[in-house]
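A short worksheet on the structure shown next.
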Amino acid sequence: MRDLTPETITQVFRGYFDDASDPRAREVLGALAQHLHAFVLETRLTHDEWRKGLELLGWAGRITTPERNEFVLFSDVLGVSSLVDMIHSTPAGTSSSVLGPFHVTGAPALANGGDLKGQFAGEVVLVRGQVRDASGRPVPRAAVNIWQTAPNGLYSSQDPDQDTYSFHGLLTADDDGHYAFTTVRPVPYQVPTDGPAGELLRASGRHAWRPSHLHFIVTADGFRTLVTEVFPDDDPYLDEDTVFGVRRDLVMRYVPQPAGSFPGGLALSGQVDGGYSSVDFDLILTAE
Ligand code: BEZ
Ligand code: FE
């Protein structure tokens, strides 16, 4: 051990795990050390640079709260969240996408066909679709958890003027897998840049914008939980999402609908006289 060199330290570290009872821990931690050591060697990292990196992690720890997790944001802007998503996505199902740090658990029940927009200004969007399995059969009574920002681009957890669960809802699709709700057209927004993740974005010359989107978590017995998003096809940030969340099958057309055509059977039926947009987003679940 006293003859350690830059060439041998990695192997010595990996040797620590030789007797680890968990082979997966051995593999993951060993590879992590290997890549970290290789990064130090490749960049000839200086003390000051390493200290700066550790300071950024310390800063992330200090500002992380249940409502704002800076480590999640780091993972998102570094593309790690999306890489983990992509390698575990099954092509037969709807692509998964980032959860993000702003989801509030425990959303209140929203009737199927219910409304999230309430009194907020903005264009009404009717979102509807069917939850199906990979062979096309309807999945009955899936739980569909939806959330988004208000028209000011802020999630409820970021905005003292919103209720805890504004723009959050949990609906149950019908026996045939169909779901529907109305909301306001989402807007592009910037991820928070007042912490270390913002510093990272600035250092790499990147902007902080995400294309507008609606978030979904879909669960049903016997199926893998699907965490995903749907994006409108005319959003200017589709090809430069700062957290790499866009997938081709998650981009949908928001179809403009004429005044007087709003359908019946929804919470807002009879209340939408002008035009609105509709988006059809089917959710394909894969077996557990
Ligand atoms: C979001 O879509 O809510 C989000 C995702 C990643 C980072 C920040 C926000
Ligand atoms: Fe979001």
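All values derive from a computational prediction rather than experimental measurement. In each ligand, atom 1 is the first atom listed, and ligand 1 is the first ligand listed. Values reported hereafter were calculated over all heavy atoms of this structure, with side chains retained and with hydrogens, waters and symmetry mates removed.
Every side chain to side chain donor-acceptor pair (under 3.5 Å) that Thr5 has, sequence neighbours left out, goes to Glu7, Thr8. For the salt bridge (charged side-chain N to carboxylate O under 4.0 Å, His left out) test, no residue two or more places apart in sequence or in another chain qualifies with Asp3.
Side-chain contact, Ser81 with Ser75: a donor N or O sits under 3.5 Å from an acceptor N or O.
Listed by chain and number, the protein atoms of type N/O/S under 2.8 Å from the Fe ion (ligand 2) are Tyr155 OH, Tyr189 OH, His213 NE2, His215 NE2; waters are omitted.
Electrostatic pairing of Asp174 and Arg141 does not count as a salt bridge here, judged by no charged N lying under 4.0 Å from a carboxylate O. In summary, Glu55 and Lys52 do not engage in a salt bridge, as defined by a charged side-chain N under 4.0 Å from a carboxylate O.
With hydrogens and angles ignored, the 3.5 Å screen pairs a side-chain donor or acceptor of Tyr165 with a backbone N or O of Gly106.
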Could you go through ligand 1 and note, for every N or O atom, any protein N or O atom closer than 3.5 angstrom, writing the atom names and distance to 0.1 Å, or 'none'?
from: ligand 1; atom 1: 2 (O); to: Tyr189; atom 2: OH; distance (Å): 2.6
from: ligand 1; atom 1: 2 (O); to: Arg210; atom 2: NH1; distance (Å): 2.6
from: ligand 1; atom 1: 2 (O); to: His213; atom 2: NE2; distance (Å): 3.1
from: ligand 1; atom 1: 2 (O); to: His215; atom 2: NE2; distance (Å): 2.9
from: ligand 1; atom 1: 3 (O); to: Tyr155; atom 2: OH; distance (Å): 3.1
from: ligand 1; atom 1: 3 (O); to: Tyr189; atom 2: OH; distance (Å): 2.9
from: ligand 1; atom 1: 3 (O); to: His215; atom 2: NE2; distance (Å): 3.2

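Relative orientation of the Tyr189 and His213 rings is tilted, given thresholds of 30° and 60° on the angle between their planes. Aromatic ring orientation, Phe71 versus Phe74: tilted (interplanar angle from 30° to 60°).
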- Task: Show your reasoning for whether salt bridge (Lys or Arg N to Asp or Glu O under 4.0 Å) applies to Asp76 and Arg210.
- Result: CA-CA 11 Å; Asp76 295 339; Arg210 292 217 67 204; over 6 Å; no
